[in-house]
Amino acid sequence: MAKAKIAPVTANDIDTLGALLADISRLTKQADAIKDRIKDSKKAVVEGELFRAVLVKQERTTYDPRKVELILGDKVSLVEKVTEVTSVKVAALQA
């Protein structure tokens, strides 16, 4: 089977990625501010002209990994799940 050809990464790709991530960050902050105002309003439903926002309340259970390790001791590996993660970090160049 032929291998798919991977296009080389260019300087323009990196600059585009950085600009996109900056836009996403700015937009996320704006969206989070609006979400906070919706939560503060305590209204179950808020409608706009095109969209409806519904306030959803739920409980989530989490576990403190350090306490679990203390309780399970050397058996902690029985409940551990290790996942390999590859990520890309982008930072602005200093002028």
Side-chain angles (χ1 to χ4, degrees):
M1 187 183 309
K3 238 182 171 180
K5 190 170 183 178
I6 299 173
V9 178
T10 66
N12 186 54
D13 290 333
I14 302 307
D15 292 340
T16 299
L17 177 59
L20 289 170
L21 292 173
D23 286 346
I24 290 168
S25 176
R26 180 182 51 79
L27 293 169
T28 298
K29 287 176 185 173
Q30 289 178 353
D32 288 345
I34 294 170
K35 289 178 188 179
D36 287 342
R37 289 183 9 230
I38 293 168
K39 291 174 191 175
D40 291 343
S41 78
K42 296 187 176 34
K43 293 180 182 177
V45 177
V46 181
E47 291 189 353
E49 296 294 321
L50 303 173
F51 297 95
R52 172 185 299 124
V54 178
L55 191 60
V56 178
K57 293 183 181 187
Q58 56 189 189
E59 291 184 9
R60 294 184 183 172
T61 300
T62 60
Y63 298 98
D64 182 331
R66 289 183 185 93
K67 290 181 181 176
V68 170
E69 190 171 350
L70 283 173
I71 293 168
L72 292 180
D74 58 356
K75 294 182 182 177
V76 73
S77 63
L78 298 173
V79 296
E80 285 180 329
K81 180 180 177 183
V82 177
T83 305
E84 186 175 311
V85 177
T86 302
S87 62
V88 175
K89 305 290 183 185
V90 179
L93 294 175
Q94 301 298 318

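Count residues from 1 along the sequence.
In the hydrophobic clustering of this structure, Val88 does not group with Leu20; members are Ile, Leu, Val, Met, Phe, Trp, Tyr whose side-chain heavy atoms approach within less than 4.5 Å, directly or through other members. Note on Val76 and Tyr63: same hydrophobic cluster, where clusters join Ile, Leu, Val, Met, Phe, Trp and Tyr whose side-chain heavy atoms are under 4.5 Å apart, directly or indirectly.
Nearest heavy-atom pair across Val90 and Gly18 is CG1-CA, 3.9 Å. Of all heavy-atom pairs spanning Leu55 and Lys43, the tightest one is CB-O, 3.5 Å.
Expressed to the nearest 0.5 Å, how far CD of Glu69 lies from CD of Glu80 amounts to 7.0 Å. Note that the CG atom of Leu17 and the CG atom of Asn12 stand 11.0 Å from one another [nearest 0.5 Å].
By the neighbour-count criterion of 12 heavy atoms within 6.0 Å, atom CZ of Arg26 is densely surrounded, having more than that number from other residues, nucleotides or ligands. Counting non-hydrogen atoms of other residues, nucleotides and ligands closer than 6.0 Å to CG of Leu70 gives a total above 12.
Between Arg52 and Val45, the closest side-chain pair of non-hydrogen atoms falls below 4.5 Å. Contact check for Leu72 versus Leu78: no side-chain heavy atoms found under the 4.5 Å cut-off. Side-chain contact check for Arg60 versus Gln58: some heavy-atom pair is nearer than 4.5 Å. Inter-residue side-chain proximity for Ser87 and Lys89 is flagged as met; some heavy-atom pair is nearer than 4.5 Å.
Here the side chain of Ser25 pairs no donor or acceptor atom with the backbone of Ala22 at under 3.5 angstrom.
Judged purely by distance below 3.5 Å, without hydrogens or angles, the side chains of Thr16 and Asp13 never pair a donor atom with an acceptor atom.
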